[in-house]
*Asks:* 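One structure is given below, represented as structure tokens, and several questions about it will come after.
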Amino acid sequence: QVEMVASGGGLVQPGGSLTLSCKVDGLYFADYGMGWFRQAPGKEREALSCIDYRSRRTTMSYSASVNGRITVSRDNAKYFLALQMTNLRLEDTGTYYCAAARGGYCSESSADYEFWGQGTQVTVSS
């Protein structure tokens with residue numbers, strides 16, 4: 001049984017930073033592309049970033065709104081995925097999800113991701 005546990009969310013002031021984590025179990029981590037998605041209140045889920053199955057290609061940001069403010073990384077030995085976010089804005093508020101893409105490659109489409117974490121809430125507020 002695949003388990004993906006996202007953590008690290010919380011309340012942060014504008015301009016602050018957070019690092020989200022995703023611990024994965026139940027699949028061969030190195031064979032999957034790993035992505036981060038976000039769903040803001042009342043909006044559709046959007047792709048943020050992805051790193052492919054052997055870290056040979058990283059799409060640091062799919063969304064222009066986070067371009068230059070996020071860094072994705074993975075540790076295949078520890079089955080661990082991280083998303084560092086800096087200079088957080090009010091519009092970064094939402095639920096953040098980690099996801100595992102079938103075939104090992106990255107995609108902007110959520111339909112290409114086979115497994116999902118439960119989400120971790122990030123609230124940016126003063």
Side-chain angles (χ1 to χ4, degrees):
Q1 182 176 352
V2 176
E3 186 176 42
M4 297 178 63
V5 180
S7 61
L11 176 64
V12 62
Q13 291 186 339
S17 300
L18 275 179
T19 297
L20 306 183
S21 301
C22 181
K23 186 69 174 71
V24 180
D25 195 11
L27 55 76
Y28 188 60
F29 187 72
D31 280 350
Y32 284 79
M34 296 301 300
W36 285 99
F37 287 73
R38 173 177 71 191
Q39 188 162 19
K43 295 187 178 181
E44 293 187 356
R45 191 172 298 187
E46 65 171 335
L48 295 180
S49 188
C50 182
I51 185 167
D52 81 356
Y53 73 120
R54 297 199 185 278
S55 302
R56 291 184 297 191
R57 180 174 297 178
T58 302
T59 301
M60 195 56 69
S61 62
Y62 286 113
S63 172
S65 67
V66 298
N67 194 31
R69 299 190 294 118
I70 62 171
T71 302
V72 63
S73 61
R74 66 188 291 168
D75 186 330
N76 287 343
K78 295 181 179 179
Y79 282 46
F80 181 82
L81 178 74
L83 182 71
Q84 296 175 285
M85 302 187 294
T86 61
N87 192 22
L88 285 163
R89 304 169 182 172
L90 297 177
E91 56 265 34
D92 292 320
T93 294
T95 304
Y96 286 68
Y97 299 89
C98 55
R102 61 179 66 92
Y105 296 100
C106 287
S107 171
E108 193 172 358
S109 172
S110 60
D112 292 326
Y113 290 79
E114 185 173 1
F115 302 105
W116 292 81
Q118 85 288 2
T120 184
Q121 178 66 34
V122 172
T123 302
V124 184
S125 176
S126 56

*Asks:* Are any of the side-chain heavy atoms of Trp116 and Arg45 separated by less than 4.5 Å?
*Replies:*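 They are in contact (side-chain heavy atoms under 4.5 Å apart), so the answer is yes.
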*Asks:* Quick one: salt bridge (charged side-chain N to carboxylate O under 4.0 Å, His left out) pairs with a partner in residues 99-126, sequence neighbours left out?
*Replies:*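 Listed once each, the pairs would be none.
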*Asks:* According to side chain to side chain contact (heavy atoms under 4.5 Å, CB included), who are the partners of Gln118, at least two apart in sequence or on a separate chain?
*Replies:*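 Per chain and number, Gln118 pairs via side chain to side chain contact (heavy atoms under 4.5 Å, CB included) with Val5, Ala6.
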*Asks:* Mind checking whether Met85 and Phe80 sit in one hydrophobic cluster, side chains of I, L, V, M, F, W, Y counted as touching below 4.5 Å?
*Replies:*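 Different clusters.
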*Asks:* Not counting sequence neighbours, which residues clear ring pair (Phe, Tyr, Trp, His ring centres under 6.0 Å) with Tyr97? List them please.
*Replies:*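 Tyr97 satisfies ring pair (Phe, Tyr, Trp, His ring centres under 6.0 Å) with no residue once adjacent residues are dropped.
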*Asks:* For Thr93 and Val124, work out which heavy atoms get closest and say how close.
*Replies:*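 Closest approach of Thr93 to Val124, heavy atoms only: OG1-N, 2.9 Å.
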*Asks:* Looking at every heavy atom in both Ala99 and Tyr113, which two are closest together, and how far apart are they?
*Replies:*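 The pair with the smallest heavy-atom distance is CB-CD2, 3.5 Å.
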*Asks:* Please list, one pair per line, the donor and acceptor atoms closer than 3.5 Å that link side chains of residues 11-35 to other protein atoms, with sequence neighbours excluded.
*Replies:*
residue : atom : partner : partner atom : Å
Lys23   : NZ   : Lys78   : O            : 3.3

*Asks:* Between the side chains of Asn87 and Arg89, is a donor N or O closer than 3.5 angstrom to an acceptor N or O?
*Replies:*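 There is no such pair (donor and acceptor under 3.5 Å, judged by atom type) between the side chains of Asn87 and Arg89.
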*Asks:* Test your reading of the model: is there a side-chain donor-acceptor pair from Thr120 to the backbone of Tyr96, 3.5 Å cut-off?
*Replies:*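 Between the backbone of Tyr96 and the side chain of Thr120 there is no qualifying donor-acceptor contact (under 3.5 Å).
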*Asks:* State, to 0.1 Å, how close Gly94 and Pro41 come at their nearest heavy-atom pair, and which atoms those are.
*Replies:*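 Residues Gly94 and Pro41, closest heavy atoms: CA-CD, 4.3 Å.
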*Asks:* Compare every heavy atom of Arg69 with every heavy atom of Asp92, then report the nearest pair and how far apart it is.
*Replies:*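 Nearest pair, atom of Asp92 first, then Arg69: OD2-NH1, 2.8 Å.
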*Asks:* According to salt bridge (charged side-chain N to carboxylate O under 4.0 Å, His left out), who are the partners of Glu46, at least two apart in sequence or on a separate chain?
*Replies:*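 Salt bridge (charged side-chain N to carboxylate O under 4.0 Å, His left out) list for Glu46, sorted by chain: Arg38.
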*Asks:* May I have all residue pairs that pass ring pair (Phe, Tyr, Trp, His ring centres under 6.0 Å) and include part of residues 1-21, sequence neighbours excluded?
*Replies:*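 Qualifying pairs, neighbours excluded: none.
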*Asks:* Tell me if a side-chain donor or acceptor on Ser63 pairs with a main-chain N or O of Leu48 at a distance below 3.5 Å.
*Replies:*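 Flag not set: sc Ser63 to bb Leu48 has no pair under 3.5 Å.
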*Asks:* Between CD of Glu44 and CZ of Phe37, what distance do you get to the nearest 0.5 Å?
*Replies:*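 If I round to the nearest 0.5 Å, the distance is 12.5 Å.
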*Asks:* OG/Ser49 to CG/Asn67 distance, rounded to the nearest 0.5 angstrom?
*Replies:*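 Answer for the OG-CG pair, Ser49 versus Asn67, is 10.0 Å.
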*Asks:* Under the side chain to side chain donor-acceptor pair (under 3.5 Å) test, which residues partner Ser110, sequence neighbours left out?
*Replies:*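 Once residues adjacent in sequence are excluded, Ser110 has no partner under the side chain to side chain donor-acceptor pair (under 3.5 Å) criterion.
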